[in-house]
Each structure stands twice: as structure tokens, then as C-alpha cells.
Protein chains: 2
Amino acid sequence: MKSNQLKEVALNQFALHGYQGASLASIANEVGIKKQSIYAHFKSKEELFISTFNDSLDNELQFIKQFMEENHSVPLEEVLYNFLNEYLGRYQKDHNMSFFMRTSFFPPLEFEEQIKSGTNTFVNELESLFLLVFKIRKADLKPSIAPESAMMSFLTIFDGLLVELLYGFPDRLQKRLTSSWNIYWQGITE
Amino acid sequence: MKSNQLKEVALNQFALHGYQGASLASIANEVGIKKQSIYAHFKSKEELFISTFNDSLDNELQFIKQFMEENHSVPLEEVLYNFLNEYLGRYQKDHNMSFFMRTSFFPPLEFEEQIKSGTNTFVNELESLFLLVFKIRKADLKPSIAPESAMMSFLTIFDGLLVELLYGFPDRLQKRLTSSWNIYWQGITE
DNA sequence: GTCTATAGAATGATAGAC
DNA sequence: GTCTATCATTCTATAGAC
């Protein structure tokens, strides 16, 4: 379907140039059609953008849910460390994370409410999934560490590594991952 | 000076709408002049943007350097916790952080090299200042925690809190700050 | 240093033929 | 569903009067 192809190309260009920076002409060009033909699939640039964002959100949600299913019975240390590694590893493969972060961090003001709502869906899902992870494995935590606290702290580190990912220095990212993980794990267990 | 006023307004609009999303007409309008008059101060939109970014970088550097001077002889726990609180508190006061983050995280591709270089100056300065903080107070750390590791982990949490700041939910930010700090401190000391 | 006038290109979008 | 033709608007930028 061509509308999927359009959304795929739009995702890339919005990720690279932002909403205002990406033009319909350029998107159409990459797909191999004229910009006017886009209107046979989407009634406006806004609709294309929102539709792309919704797909992107689904994509992110689908990843974390599938990850949780696959790591259902894995020890705490592995679940957490695998998550960081696998999530960060996705960044290179396609532009979905990049687009989602850009849009969530700095939404075009016209769509602020809609985007914030989508971002919240994602963050809430992340929080409740990891809260469950920590609750189930509560025995591994120090008695003084509440599951909610362990979850919040973990997701803060996760976000911090995303920022480092954007800066684009793999060596520094690796150091931050190793150090953060090491200290975090000592903080919640030993 | 009008050019400073222009940069101030440009900073705000670039922070809110991004480089492509902010127009010279809108900036000039907020200053109270015609868009053509901007060219008496800056030879292009690019120059206005770069000049604004350089000011913004100076501003961020100046803050961290001044903070370090003021917290020169403060105990480790206070230096770190104060830094998080004071830095995060700046976000509401003006748009400098917002502009700097937006530009550093997602630079317009035309200026990618220049922006990355500026961002690196900032990150390197942050890293070396905090490395010193930890080295001087090495006695407070567990023997197994290297100062560099403590610094990297701390800055990851810092970045993670910046992301939460962008999402704009103060309650959640507070929970993340408290949990992260608590676990981090246990990880490096107890 | 600010203005008017204007250029030239690009933008998102519509109408209608095929 | 894609095309050509076209529109109205906006954009950055320049020239020249005051």
C-alpha cells in the first residue's frame, strides 16, 4: 500500500528535519510521486504527521510489550540489563525511536495535546510494566527499596541513556551504561 | 543594544518552534521592527541562529562554572543534590535550557558539526568539573567505585531528569528525582 | 538602523483531466 | 490514484530611500 510507504518515508524525514523542516515535496519525491498525489492518501500534512506519530507510538508500545513477554521468566538483573541493551540497539536499525523522541520531547505546538497524550500512554505503559517486574521480583531488592522507587530510578537512567544516544558518541554511551548499571544495581540490591 | 534583543527573542522562538519553525518575520514582529531590518544586525537567519546558540552555550557553561565555585567546599551529598535541584529549577525561569537542549538533541542538519562541537564542549566541561568533585571527595565513595564511574552515572541521571523535565509533569519528575537520588547515593556510598 | 518595495523560491493545498 | 496546472501564502533575502 502506498500510504504505508508514504508514512515510512515521512517518518524518516520528520525524524531528520522535524515537522516544519520536512516538506511534502521532498517526501513525495522520495516515494516517487508528485507532492499533489499525497492528498489522495492524506487530507493534509497534519494528518500525515499525526498518522505517522500514531504508528510510531504503536511501534514503541509493541516493542516493550513483546520484550516483556519474552523476558517473562528471566532473572531481574537480566531483564533490566537486556532491556537497556536491546532498546538502545534499536536506534541504529530504523528511525522510529528517533522520530518518537523528537516528537515527544519537542512536539509541534499545534499538536501538543495530542502528542502529550500519546507520550503519556507510552510512559504509563513503561512504568506499569516495570513496576510489575519489580513487584514480582521484590525478594531480590533490598528491603528499604520499594518497587516503585526501583522502577522510577531505572527509567530515569533509561532516559539518560537515550540522551547520550542522541549525542552520538558510542564510547561515551558505553561508559555511561556500564557505570550507571553498576551503581544502580548496587543501590537496589547490595 | 537591538541585536541582543533580537537574539533574546530568537532564543525564545527557536526554543518553541525550532529553527525551521521560527520565522524572521515573527521574531522581528516581537521585537517591534520589520523583518528586513534584521539584516542590519545579522547577515542571515543562519547567522542569527548560530549567534544565538553560542550565547546559549556560554550561558550554560557560565552556570555550571559559577555553581562549582559557589559549591567549592560543600559536602559531596550537597553538591550533587543541589546541582540537580538548581539546574532543573532554571528550566522554568527562561528558555535558555530549552533552546540548548532542543538544539543539542536535534540540531538542524546544516549546522550539525558546529552544534555537536559546542555540545561537546559543554559535556566535556560538565564531565571534567564533576570528575574533580568526585576525586576531591574520593574518601566518601565506596572503595569499589571509581570517581569516573560515579561521575558518569551521575550525569546519566541528570540527563534522564532533563527528559522528564521536557515531558512536563512536575509530580512525576519529583518522584524520579527522589528515587534516583536515593538509589544512586546508596550505590556509591553504603 | 529602519523603512518600503520587490524579487525569487518554496510552501501547503485545490481543481480537474486521465 | 496520479498527473498537470494553478493559487495564495509565506519564506529568506536584496536594493535603495530616508
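Naming: A, B, ... by sequence-line order, numbering from 1 per chain.
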Student: Check which hydrophobic residues are tied to B:Leu16 through side-chain heavy-atom contacts below 4.5 Å, counting indirect links as well, and list them.
Tutor: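 Taking Ile, Leu, Val, Met, Phe, Trp and Tyr as members, B:Leu16 shares its hydrophobic cluster with A:Leu109.
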Student: Checking A:Ser56 against A:Leu11 for the side chain to side chain contact (heavy atoms under 4.5 Å, CB included) test, could you report, in this order, the C-alpha distance in whole Å, the side-chain angles of both residues, the deciding distance, and whether it holds?
Tutor: CA-CA 8 Å; A:Ser56 167; A:Leu11 181 91; 4.1 Å; yes
Student: Listed by chain and number, what are the salt bridge (Lys or Arg N to Asp or Glu O under 4.0 Å) partners of B:Glu110, not counting sequence neighbours?
Tutor: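 Salt bridge (Lys or Arg N to Asp or Glu O under 4.0 Å) list for B:Glu110, sorted by chain: empty.
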Student: Please set out all donor-acceptor pairs under 3.5 angstrom arising from side-chain atoms of residues 32-39 of chain A, sequence neighbours excluded.
Tutor:
unit_1	atom_1	unit_2	atom_2	d
A:Ser37	OG	A:Lys34	O	3.4

Student: Under 3.5 Å, sequence neighbours excluded: what are the donor-acceptor pairs made by side chains of residues 116-126 of chain B?
Tutor:
unit_1	atom_1	unit_2	atom_2	d
B:Thr119	OG1	B:Ser104	OG	3.1
B:Thr119	OG1	B:Ile115	O	3.0
B:Asn120	OD1	A:Arg172	NH1	3.2
B:Thr121	OG1	B:Ser117	O	3.0
B:Asn124	ND2	B:Asn120	O	3.1

Student: Side-chain polar contacts of residues 68-78 of chain B - donor-acceptor pairs under 3.5 angstrom, sequence neighbours left out - could you list them?
Tutor:
unit_1	atom_1	unit_2	atom_2	d
B:Glu70	OE2	B:Gln66	NE2	2.9
B:Asn71	ND2	B:Phe67	O	2.9

Student: Please name all residues satisfying ring pair (Phe, Tyr, Trp, His ring centres under 6.0 Å) with B:Tyr81, sequence neighbours left out, ordered by chain then number.
Tutor: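 For B:Tyr81 the ring pair (Phe, Tyr, Trp, His ring centres under 6.0 Å) partners, ignoring immediate neighbours, are B:Trp181.
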Student: Provide, to the nearest angstrom, the distance between the CD1 atom belonging to A:Ile38 and the P atom belonging to C:dT14.
Tutor: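 For the pair A:Ile38 CD1 and C:dT14 P, the rounded distance is 13 Å.
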Student: A:Ile33 side chain: which of D:dC3, C:dT2, C:dT4 is closest?
Tutor: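 Nearest listed nucleotide: D:dC3.
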Student: Hey, what bend do you get for the helix from C:dG1-D:dC18 to C:dC18-D:dG1 if you fit axes on five pairs at each end, rounded to 10°?
Tutor: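 The value is 10°.
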Student: Over how many whole Å does the gap from B:Leu6 atom CG to C:dG1 atom C1' extend?
Tutor: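 From B:Leu6 CG to C:dG1 C1': 11 Å.
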Student: Check the phosphate of D:dG1 against A:Ser37, side-chain N and O only, distance under 4.0 Å to OP1 or OP2. Yes or no?
Tutor: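 For A:Ser37, the contact criterion (side-chain N or O under 4.0 Å from OP1 or OP2 of D:dG1) is not met.
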Student: Measure from CD on A:Glu47 to P on C:dG12 and round the result to the nearest Å.
Tutor: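 So the two atoms are 15 Å apart, to the nearest Å.
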Student: Can you give one letter per nucleotide of nucleotides 11-18 of chain D, 5' to 3': B if a protein heavy atom sits under 4.0 Å from the base, S if only from the sugar-phosphate, - if neither?
Tutor: BBBB----
Student: Under 3.5 Å, sequence neighbours excluded: what are the donor-acceptor pairs made by side chains of residues 40-48 of chain A?
Tutor:
unit_1	atom_1	unit_2	atom_2	d
A:Ser44	OG	A:Glu46	N	3.4
A:Ser44	OG	A:Glu47	N	3.1
A:Lys45	NZ	A:Tyr19	O	2.9
A:Lys45	NZ	A:Ala22	O	2.8
A:Glu47	OE2	A:Lys43	N	3.3

Student: Measure the distance from CD1 on A:Ile27 to C1' on C:dA10 and round it to the nearest whole Å.
Tutor: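 Taking atom C1' of C:dA10 as the reference, CD1 of A:Ile27 is at 15 Å.
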Student: Does D:dT2 have OP1 or OP2 sitting under 4.0 Å from an N or O in the side chain of A:Lys2?
Tutor: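 True: A:Lys2 side-chain N/O within range (under 4.0 Å) of D:dT2 OP1/OP2.
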